Amino acid sequence: MKKFVPVLLICVMTLSLFGACSSNYTTAGIFGTFLELSLKGRGSNKAKKECLEELERLDAIFSLTNSESTITKVNALAVGDSMTVEEDFSLLFSIAKTVYDYTDGAFNPTLLPVSELWGFAPYSTSKQVADHAAVTALVKTCKMTVFSMDTSTNTITKVADGKLDFGGIAKGYALNRLRVIIEDIGVSGIINLGGNIWATDESNIAVTSPRATAQYNGIVTISNTAISTSGDYERYFIDDSNYRFHHILGSDGYPADNGIQSVSVICNDAAIGDALSTAIFVAGMDKAQDIAAHFGATAIVLTENEVAIYGNTSMSYKIVDSSYSKKFLG
Amino acid sequence: MTGKMYEKVKNSRVVSVKEIVALAVLFVLCVGFVVYLAFAPQGLYVEVYIDGELEYNLPISENTTVELEGLGTIHIENGSVTFVDSTCPDHICERMSGISGSGQQIICLPNKLVIKISGESELNVDAVT
């Protein structure tokens, strides 16, 4: 019988090892969104802990609903004043500026004052049709040149009145950081930060059905890259049958209205992918190929009943919702 | 083999009764584990997380109503899940029409609530964007 004690012990230890080698974690209300971790390999629990700590650190930099955050302080600066920011802030500002410049402001992180008028700001309590005159006047002031960043000293200066909102890019940036954490520890799996997903191994990612006409719109297989989606179903309201959603045009201050329901971008840099999903949503189908190709990304664009793929146009996308068909781009 | 040696082997018990019993128990446990893996709860489940803790895990196939004290009410009906009467200020979570596929979620940020469908579906989805 004595022989079996060690055998049993080994069995128990092996089983508990399996337990320690994977971590599935789901939570909401962190970094203004939800987090889903499905990790495999030794160190999964350590990775989870470090991911949560990193999100807390980034929240203190980028959260608009945190009155002590760096971005809140930057937005409160008087015109002409400067302050030192974290390197993360300086870096994200530069990435945002790159996408802003190339897309002619289709991605614009300075539209917060206009979003406030519509009630689309993260701290807004009610949404309403904004006053036309107010929007038209205000939108002209929403430019990234309102701020100047000295990246060598991480100093930001408010040149003219304006506010920053990294809501369209910060989740992607955070995903990049979480990716580095799990890679350094050496675990594999999927990180889903508010629909911004990083998959270390081949994974099937379903794209949300914008009008809930099927379980999913379709499925794309990705590996060692990120995917981010912007949809018109995220923050919206309806007034007199006008569908108003939170992707606001920098040109006139009104929600985009070009027939696009959602844009999913596959990109090795999750911050750029996150920003591009908004940029293409606002810029429209005509600019989609150029923008996606320039950043080495692939965009899956859904319009009413059609799916169009830009960038790497040969990427395979399995349509699940039979009311949609693939649009062939000629 | 000589007759004498044969006798010796026959008389000495290589395996004791206790050991046979223990082996049998282990064998049954192993078979049980394999059977469990093969027939483990398949189909879809509704997982309810509050502030990162799994509070409920309900089969989507059974119609039920769960009241989450101070948060709202979950309805599972005909394979579809909805969240109503939310106590949150924005009610974005209630606008989601019923979720039914693996990986789909209803999220209520103010209440730190995630309702998520788990389990293998024929589409083999790992995550939803």
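Everything numeric here is computed off the predicted structure, so don't read it as measured data. Numbered from 1 within each chain, the chains take letters A, B, ... in sequence-line order.
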Next item on the list: Count the heavy atoms of every other residue, nucleotide or ligand shown that sit under 6.0 Å from CD of E56(A), and state whether that count exceeds 12.
Entry: no

Notebook entry, point to check: Closest approach of A28(A) and C108(B), non-hydrogen atoms and distance?
Noted result: CB-O, 4.4 Å

Next item on the list: Identify the two heavy atoms, one from N124(B) and one from N204(A), that lie closest to each other, and give their separation to 0.1 Å.
Entry: O-ND2, 2.9 Å

Note to self: A side-chain contact here means heavy atoms from C-beta on lying under 4.5 Å apart; do V125(B) and Y216(A) qualify?
What the structure shows: yes

Checklist line | Atom pair OH/CG of Y49(B) and L35(A) - distance to nearest 0.5 Å | finding: 11.5 Å

Note to self: Just verifying a value: how many Å separate T208(A) OG1 and Q105(B) CD, rounded to the nearest 0.5 Å?
What the structure shows: 9.0 Å

Note to self: For the interface with chain B, which of G29(A), A206(A), G195(A) has the highest count of heavy-atom pairs at distances below 4.5 Å?
What the structure shows: A206(A)

Margin query: Counting only non-hydrogen atoms closer than 4.5 Å, does I190(A) touch chain B with its backbone (N, CA, C, O), its side chain (CB onward), both, or neither?
Written below: side chain

Notebook entry, point to check: Do you know the tightest heavy-atom contact between T26(A) and V114(B)?
Noted result: CG2-CG1, 3.6 Å

Notebook entry, point to check: For the residue pair Q215(A) and Q104(B), what are the closest heavy atoms and their distance?
Noted result: O-NE2, 2.8 Å

Checklist line | Structural part of S228(A) lying under 4.5 Å from a heavy atom of chain B | finding: backbone

Notebook entry, point to check: What closest approach, in Å, do I197(A) and V128(B) show between heavy atoms, and which atom pair accounts for it?
Noted result: CD1-O, 3.5 Å

Item checked: Verdict with supporting geometry, K318(A) and L123(B), side-chain contact (heavy atoms from CB on, under 4.5 Å) -> CA-CA 10 Å; K318(A) 185 177 153 198; L123(B) 291 168; 4.0 Å; yes

Note to self: Quick check on Y25(A) against chain B: is it the side chain, the backbone, both or neither that has a heavy atom closer than 4.5 Å?
What the structure shows: side chain

Check: Would the number of heavy atoms belonging to other residues, nucleotides or ligands and lying under 6.0 Å from CD of E53(A) be above 12?
Finding: yes

Margin query: With chain A as the partner, which of D126(B), T129(B), I50(B), V21(B) has the greatest number of non-hydrogen pairs under 4.5 Å?
Written below: T129(B)

Next item on the list: Could you check which of P110(B), G103(B), G101(B) has the highest count of heavy-atom pairs closer than 4.5 Å to chain A?
Entry: G101(B)

Next item on the list: Let me know if V220(A) has heavy atoms under 4.5 Å from chain B in its side chain, its backbone, both or neither.
Entry: neither

